[in-house]
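Below is one structure, written out as C-alpha cells; the observations come after it.
Hydrogens, waters and symmetry mates are skipped; everything else that's a heavy atom, side chains included, is used.
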Amino acid sequence: MNEISILMHMLSNKNNLYVIGATKSEIFHTLNVKTKNKSGHFHYLIINLSKYIEPLGLQIRYNPINSHWFISYDSEVSDLISANPFENKPRLAATLFCTIVCCLKNPDGISKITEIQTIRKKKGVIEDLRELEQKGYLKFDRNLNHINLTPLIGYQLDLERLFVKLALKIKQ
Amino acid sequence: MTVKDITHELNERIDDIQKKILSGDIKLLDFELVPLFDELKDSLTVQNLEKSSETYKNACILLNQKFDELRSMLSSLESEKQFLNYLNSNPSDLEIYALLNECWIELFTIDALSLDFLELSQNRLSIDRGDPIAIEHLRKGKIKNNFLLEIPKHKFTEKMMKFFNSIRTKLPCSLEDIFEDYTEQEVIYENFVYLLHLLQLGTLKYLKETNVIYL
C-alpha cells in the first residue's frame, strides 16, 4: 500500500454526517510526514491523487468550515439536480443562503437570529431555521439566540463558486 | 537563421514556477507571465511545432490559474457589503435558488473500505499464481486418400441367423441353457442381442412362466 492508497482512503472516509475526509494535520500524522517542506509535500500528494482520480470523474475538495479535504464527483459528470438537497424548496434554500452570508460575515462564524430575520425579510424564518437544523445544516442555540453553521454545508455546497457567481451577478 | 529550441527549458521553468507556487515561495498574481509567452513565441519554428504546442498548453494552465486567483481576489473585495446589498435588494426565493444551482456537490465516500481490507486485498493480489493451463490444439491426423467407413465383414442378419442355427438343435430349452457354452461376456451380449431380435421377429418364442425358449 502506498501513500496514494492511504490518502484515497482517508479522503473518502465518512466518520459521521459532519466529518468526512481528513485534515492536513491528520494526513501528515497518518503518513508520518516529517519533511521540512510539509506544505509542498502535501500539495504534491493532493495533486498526484487528483491526477489518479480525475479520469474516474472524481475531484478533491476542501471544506473551509472544518478544514477537511474530501472527494466529490466532478460537477461535470454528476447529476446536479440529484445533488441539490433543496429541490422544489426554494424558500428553505433562500433562508440557508441568508444564514450562510450572516454567519460568514462574522469572524466567529456565529449569527444572531434577529440578524437573519432582518436580512431575510420574510415571515416564518424561525420555522425555516428549525427545518434546516433538522437537516443538519445549522445549530440553533435558543438560549443565546445564536445560529452557527455545521460543517455539512461546506461538503454539499461549493461556497467559493457560489460567492464568485454572486460577485459576477452583482457586477452585472 | 536558425532558432534555438528552448521548449524543454521553458517546460522546466513552468514546472519550477508551479512548485514555487505550491510551496508558497511566489504568488501567481505577482508573477509576470508575459515574458514566458514572448519567449515561446520567438522560439516557435515549424520543426518544434509539436513540442511548442505542449509548452503553450502548460503555460496556459498557469495563465488560467492566474485568472482564477484574480477572479477570487476581485470577488472577495468588499464581498460582505456587496452580498448584504444584494440581499437588501429583495431577491426572490427562486432567484437565490437559481444562484445556488450548479454549486451543489455530490459527495464520494467509501464507508465500508478499511485499511485492513485494502492490505488484505493487496496481499491477495500479490500471491504468486501457478502457470495458467495451456490449451494445446489437437493435431489433425492424416487421412487415407481412399477413405471408406469400415463396416463389419458380415451383415447383422447373417450373424443373427448363424446364431439361430447354432441353438436350433437345443430348442426348446431354458434361457440359461442357450448361453451355457459361452464364457466371454462380449460374445454373450452379442448373442443376447440376436436372441432379442429373433424374439421380436417371432422366429423364437418365450414362455415367461416356465422360462423356456421354443420355436
Side-chain angles (χ1 to χ4, degrees), chain A residues 1 5-6 8-9 12-14 20-21 37 39-40 42-44 47 53 58 61 70-75 77-86 89-98 101 104-105 119-122 155-171, chain B residues 15 18-25 61 65 67-123 125-126:
Chain A
M1 189 180 298
S5 312
I6 296 168
M8 181 69 193
H9 169 75
S12 62
N13 190 36
K14 185 179 181 180
I20 300 162
N37 186 8
S39 186
F42 178 74
H43 281 101
Y44 169 78
I47 287 168
I53 63 175
L58 300 173
R61 288 181 179 274
F70 64 99
I71 296 172
S72 78
Y73 289 95
D74 192 326
S75 55
V77 296
S78 68
D79 184 352
L80 293 164
I81 297 166
S82 72
N84 183 352
F86 297 101
K89 289 182 179 175
R91 180 195 166 88
L92 213 54
T95 304
L96 179 66
F97 177 74
C98 292
V101 172
L104 296 185
K105 81 181 173 71
I119 289 179
R120 185 74 177 103
K121 296 186 191 102
K122 294 265 166 120
Y155 287 115
Q156 292 191 350
L157 193 65
D158 187 341
L159 293 168
E160 194 186 332
R161 192 174 181 178
L162 172 66
F163 291 145
V164 169
K165 265 184 86 177
L166 186 58
L168 291 172
K169 191 180 174 67
I170 292 164
K171 279 189 180 72
Chain B
D15 277 349
Q18 286 283 21
K19 279 177 192 164
K20 282 181 179 169
I21 294 165
L22 292 178
S23 61
D25 291 343
I61 292 171
Q65 282 175 318
F67 275 129
D68 285 344
E69 282 197 18
L70 184 68
R71 202 170 59 167
S72 300
M73 191 192 77
L74 288 174
S75 63
S76 62
L77 291 173
E78 295 187 339
S79 56
E80 295 166 23
K81 200 176 166 186
Q82 287 182 344
F83 295 159
L84 289 173
N85 285 343
Y86 170 71
L87 288 172
N88 284 329
S89 69
N90 291 327
S92 69
D93 288 358
L94 278 173
E95 191 181 326
I96 298 174
Y97 182 75
L99 192 70
L100 292 168
N101 269 341
E102 295 175 28
C103 295
W104 295 110
I105 298 168
E106 182 97 48
L107 274 166
F108 174 82
T109 56
I110 312 174
D111 307 333
L113 207 63
S114 69
L115 283 174
D116 292 342
F117 174 77
L118 281 174
E119 242 163 353
L120 195 68
S121 303
Q122 195 202 26
N123 292 340
L125 280 170
S126 58

Spacing of B:Y97 atom OH and A:K89 atom NZ [to the nearest 0.5 Å]: 10.5 Å
A:K165 side chain vs B:L99 backbone, donor-acceptor pair below 3.5 Å: yes
Distance in Å, A:L162 CG paired with B:I96 CD1, rounded so as to fall on 0.5 Å steps: 10.5 Å
Polar side-chain atom of A:R161 near backbone of B:E102 as donor-acceptor pair, under 3.5 Å: yes
Stepwise side-chain contact (heavy atoms from CB on, under 4.5 Å) check, A:K169 with B:E95: CA-CA 11 Å; A:K169 191 180 174 67; B:E95 191 181 326; 3.1 Å; yes
Other residues, nucleotides, ligands: >12 heavy atoms within 6.0 Å of B:Y86 OH: yes
Closest-packed option against chain B by number of heavy-atom pairs under 4.5 Å, given A:A93, A:S72, A:G21: A:S72
Contact class of A:Y155 relative to chain B, heavy atoms under 4.5 angstrom: both
Identified side-chain contact (heavy atoms from CB on, under 4.5 Å) partner of B:L100 from the options A:N84, A:L157, A:L166: A:L157
Contacting moiety of A:I47, where chain B heavy atoms sit under 4.5 Å: side chain
Which residues share a side-chain contact (heavy atoms from CB on, under 4.5 Å) with A:I119, sequence neighbours left out: A:C98, A:C102, B:L84, B:L87
Gap between atom CD of A:Q156 and atom SG of B:C103 - 0.5 Å precision: 13.5 Å
For A:K121, salt bridge (charged side-chain N to carboxylate O under 4.0 Å, His left out) partners two or more places apart: none
Heavy-atom pair of closest approach, residues B:F108 and A:M8: CE2-CE, 3.6 Å
Structural part of A:I71 lying under 4.5 Å from a heavy atom of chain B: both
A:R120 bridged to B:D93 by N-O distance under 4.0 Å: yes
side-chain contact (heavy atoms from CB on, under 4.5 Å) between A:F86 and B:W104, worked out: CA-CA 10 Å; A:F86 297 101; B:W104 295 110; 3.4 Å; yes
